[in-house]
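Note sheet for the following structure.
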Amino acid sequence: MPIPMQDISEWYQQVVEQAGLAEHSPVRGAMTIKPYGWALWENIQRPLDAAFKATGHQNAYFPLFIPLSFLAKEAQHVEGFAQECAVVTHYRIQTDPVSHTVRPDPTAQLEEPLVVRPTSETIIWNTFKRWIQSYRDLPLLINQWANVVRWEKRPRLFLRTTEFLWQEGHTAHATAEEALKEAHQMLDIYADFVQNYLAIPVIKGRKTPTERFAGAEETFTIETLLIDGKALQAGTSHFLGQNFARAFEVQFLNERSELEYVWATSWGVSTRLIGALILSHGDEKGLVLPPRVAPIQVVIVPVWRNDTEQAETTAAAHQLAQALQAQGVRVKVDDDPHHRPGWKFNEWELRGVPLRFVIGPKDLSAGTVEVTPRHTGQKQSVSLDQARTSAKEWLETIQKELFERAKKRIEANTHRVDSYAEMRTILEEKGGFILAHWDGTAETELAIKEETGATIRCIPLDAPPEEGKCIYTGRPSQQRVVFAKAY
RNA sequence: CGAGGCGUAGCGCAGCCCGGUAGCGCACCUGCUUUGGGAGCAGGGGGUCAGCGGUUCAAAUCCGCUCGCCUCGACCA
C-alpha cells in the first residue's frame, strides 16, 4: 500500500476496499457498504441521533419520490439541483419481442415525472404546510435518516457518491432569531461530534453567498483539512429564512391573530464523514479509527506453538475479552487457526482497530499481555491485570491523542498569508488552509478560484476582527477568511 | 461533460504488436507440517477474454460501435 502522500487516490481506494468498508457496485457512483463500514456508520448515527433527540428533535420519514413540480417551487433551489437529478418516468418494464432485452414499457409513462430526492426540503415543506396552523405548533423540530441521490459527475467512495446516506433536519420557527439560533445550535452539535467522536478538528464558519446552499439565506459549515492538504466540508446547517415558507405557503397565526410565514432551517451530515475519517487519521498501514466510533476497539490475538498452548492462550484471550466486554468495550478475539499471528497483525492494523492485545506462551507464564496502540505502533508489555483495568483509560487516551495529532497537522498546514504570490505558491506546492483578507466581492472570489483552484471554504465564526487589505485587490477587509482547494 | 489511461478467474496482472490448445501470482478447496510481523510442500476447483457487430478456415489478439471503471479538470454533502 503506497504511503498516503505519494498517491492519495490510490491509497484511499485501497483502504476503503481492503479494510472492508465498501466496494463499487455495478451502478456508477453507487457503493455497497460492507458490514464493517456499516458498523462504523451505526456508531456515527447513534450519538448524533441522541444529540438531536436531546435538543427536542423527533425523527420522521418522508418519501423518496418527489413530484417534479415541487422542485420548481423555490427558484434558487431548483436551479441549484437541476443539473444532478435522477428522474423516474416509467412504472413498468417489458421484454422487447425483437431484441429480447428488457426496457421501460413506452405505454407506461408517468403523467408527472418523479424526482428521486436530492434533498427533501420541497416534499417536507409541502407536508409542513398541513402540520402548521398556529404559533402553538411551533417550533416544529424534525429529523430524518435517509438516502438521497445526486447525479454527480465524478463520484468517489464515501466522499461523493451518487446515492448517499445522511440525516437531514428540517425545522420551522415563529421568529428569525429562533431559527438562526437553531441553525447555530445544530452547527455546534456537528462540530462537537466531529471533534469529540471522530477526533477531527474543524473550523466553524459561514459560507460566502456564492457557496451557499440553494435556497438558503445563510449557510454555516464545519470545514476540515485532510492529509493531502485539501479541505472538506464535513457538515452544514442552513438558515432558510422564509424562502421555503413562501414557496409552499406555510403560514401560522401568531399570538395577536396575525398570519405570518414561518422561519426555517435545515442541516445535515452524511456518509462523507467516513471519508473524512479515513483521510484524517490514516497512514501507510491503512485505516486508523478513533476508539469512540471503532466497530472493534480492542482485538486480542492469542499466539501458540502447539495444541496445549493454543487451548491455553485462546482461553486466556476469551477470559480477558469477557472482562473487557463487561466494561462496555467492543472487543474481538481473533483465534482463527487458519491465519498466523503476523497475518492478523497486518489485517487488524489495516482495519484500524485502535488497540491490540497479544497473549502468547511467554505472556501466559509471566502473567503479561503485549499491548500495541494502532496509531503509534509501540509495543509494551503489561500485566494481565493492568490490561483488564486500564483498557478503557487507554482508549480514551488514544481518542485524545488522535485529535491532538490531527490538530497539529492542520495547524502546521494553516498559513496566514498577506501576498497573493505567496498564496499561489503554497497552494501549488502543498495545499492547506490559507488565512487571508478578502474584499467581500463575488468577483474577487471567482477570480481567485479561476486562477488558483482554491475557494473560500468559510468565513470563520470565532476569528477576531482584523483590519487588512484584500490579498487580490488591495481593498479594505475586516476579517481573514479561509481559502483552500476542496473536495 | 472535456483530456488521458484501462476492461482477460474473486483480486492483481501477462498474453494482443506478429490470429492457431487461455496463463501467472494472491485468494479459494483437500492433506501434512507450521503459528511472537502477511508460512512451506503436495494435490485440486474456478473463464460466455466487458458487450455487440465485422474481417478470416480460425479472433483474447485485427477493424467498427457501445458500455463500464480509474486519474486529472468544470459541478457538488
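The structure displayed is predicted, hence computed values, not measured ones. Protein chains get the first letters and strands the later ones, always in sequence-line order, with residue 1 at the start of each.
Within the 4.0 angstrom heavy-atom criterion, base atoms lie near A:Tyr487. Among the atoms of the strands shown, base atoms are found under 4.0 Å from some heavy atom of A:Thr161. Contacts of A:Glu370 with the nucleic acid, taken as non-hydrogen atoms under 4.0 Å apart, include base atoms. Nucleic acid contact class of A:Lys449 (heavy atoms, under 4.0 Å, all strands): sugar-phosphate only. Among the atoms of the strands shown, none is found under 4.0 Å from any heavy atom of A:Gln310. Residue A:Gln233 is classed as a sugar-phosphate contact, given heavy-atom separations below 4.0 Å to backbone atoms only. Within 4.0 Å (heavy atoms only), A:Ser270 reaches at least one base atom of the nucleic acid. Within the nucleic acid shown, A:Trp166 has no heavy atom closer than 4.0 Å to any nucleic acid atom. Contact annotation for A:Asp363: base contact, defined as any heavy-atom pair under 4.0 Å involving a base atom. Base engagement by A:Gly360 is indicated by at least one non-hydrogen atom pair under 4.0 Å involving a base atom.
Rounded to whole Å, atom P of B:G5 lies 18 Å from atom CD of A:Glu10.
The nucleotide B:A27 finds no pairing partner, because no Watson-Crick or G-U wobble arrangement with both distances shorter than 3.5 Å includes it. With a cut-off of 3.5 Å on both pairing distances, the Watson-Crick or G-U wobble partner of B:G7 is B:C67. As the counterpart of B:U34, no nucleotide is assigned, since no Watson-Crick or G-U wobble pattern has both distances under 3.5 Å.
The cationic atom of A:Arg351 (NZ for Lys, CZ for Arg) lies less than 6.0 Å from the six-membered ring centre of A:Tyr36 and within 45° of the ring axis.
One can find a donor-acceptor pair under 3.5 Å joining the base of B:C76 and the side-chain atoms of A:Arg160. In terms of polar N and O atoms assigned as donor or acceptor, the side chain of A:Arg356 comes within less than 3.5 Å of the base of B:G37 in a complementary pairing. Taking only distance into account, the side chain of A:Lys344 never meets the base of B:G36 through a donor-acceptor pair shorter than 3.5 Å.
In the set B:G36, B:C70, B:A77, B:A77 carries the atom at the smallest distance from any side-chain atom of A:Arg150. For A:Glu347, the listed nucleotide lying nearest its side chain is B:G38; candidates were B:U71, B:G38, B:U35. With B:G37, B:A74, B:A77 as the choices, the nucleotide that has an atom nearest any side-chain atom of A:Asn346 turns out to be B:G37.
Residues A:Trp267 and A:Phe52 place their aromatic rings such that the two centres sit under 6.0 Å apart.
The shortest non-hydrogen separation linking A:Lys485 to A:Thr452 is CE-O, 3.2 Å.
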*Let me see the working for A:Asp335 and A:His318 under side chain to side chain donor-acceptor pair (under 3.5 Å), right down to the final yes or no.*
CA-CA 9 Å; A:Asp335 55 5; A:His318 280 285; 2.9 Å; yes
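The residue among A:Lys153 and A:Phe213 whose nearest nucleotide of RNA chain B is located toward the 5' end is A:Lys153. Toward the 5′ end of RNA chain B lies the nearest nucleotide of A:His339, the other residue of the pair A:Gly80 and A:His339 mapping further downstream.
Under the stacking definition used here (centres under 5.5 Å, planes under 30°), the residue A:Phe345 fails to qualify as stacked on the base of B:G38.
No hydrogens or angles considered: a donor-acceptor pair under 3.5 Å links the side chains of A:Arg457 and A:Thr455.
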